[in-house]
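FYI, the numbering just counts along the sequence from 1. Because the structure is predicted, anything quoted here is derived from the model rather than measured.
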Amino acid sequence: MTPLRQRMVDAMVTRGFAERTQESYVEAISRIARHYHRSPVLLSKDEVSAYLLHLVSTRHLTYSTMNQAACAARFLSKPASCACMTLTAALTA
């Protein structure tokens, strides 16, 4: 498991996310990363938006599926959620 994925899972566990939600969010982020062939933390908002549009317009997935990917991306992008937060940073903030 990559360090980013582990931090994301740890943050979701800390927030009490259901196990199935954790799996869905991790898979959604993994798909975005595979789509662009790079780490999800390097993606811009425009790239994520384009990917979400691709899900509904090209792949014809449901709004629910697109919304879950959007929520996963939003969760990952929040600094306090998992990407950058450490216990030391939280205590010194």
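- Expressed to the nearest 0.5 Å, how far CG of Asp10 lies from CZ of Arg15 amounts to 11.5 Å.
- A distance of 5.0 Å separates OH in Tyr25 from CZ in Phe17, rounded to the nearest 0.5 Å.
- Residues Val9 and Val26 form a side-chain contact, since some pair of their non-hydrogen atoms from C-beta on lies under 4.5 Å apart.
- Taking CZ of Arg7 as the start and CE of Met12 as the end, the distance is 12.5 Å to the nearest 0.5 Å.
- Nearest heavy atom pair, residue Ala69 against residue Leu55, reads CB-CD1, 4.0 Å.
- Closest heavy-atom contact between Ala72 and Met8: O-CE, 4.3 Å.
- For the pair Ser57 (side chain) and Leu53 (backbone), a donor-acceptor distance under 3.5 Å is present.
- Between the side chain of Ser24 and the backbone N or O of Arg20, at least one donor-acceptor pair lies under 3.5 Å.
- Rounding to the nearest 0.5 Å gives a distance of 14.0 Å between CD of Glu27 and CD of Gln22.
- Of all heavy-atom pairs spanning Leu4 and Ser39, the tightest one is CD2-OG, 4.4 Å.
- Atom CG in Leu76 sits 8.5 Å away from atom CD1 in Ile32 (nearest 0.5 Å).
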Arg5 vs Ser30, side chain to side chain contact (heavy atoms under 4.5 Å, CB included): CA-CA, chis, key distance, verdict: CA-CA 9 Å; Arg5 183 177 293 200; Ser30 178; 3.8 Å; yes
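- Checked by atom type and distance alone, the side chain of Tyr36 pairs as donor or acceptor with a backbone atom of Glu47 at under 3.5 Å.
- The structure places OG of Ser49 at 14.0 Å from NE2 of His54, a figure rounded to the nearest 0.5 Å.
- With a 6.0 Å radius and a threshold of 12 heavy atoms from other residues, nucleotides or ligands, Arg59 has its CZ atom at or below the threshold.
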message: Applying side chain to side chain contact (heavy atoms under 4.5 Å, CB included) to Arg38 and Leu43, what does each step give before you reach the verdict?
response: CA-CA 8 Å; Arg38 64 181 191 266; Leu43 300 176; 3.5 Å; yes
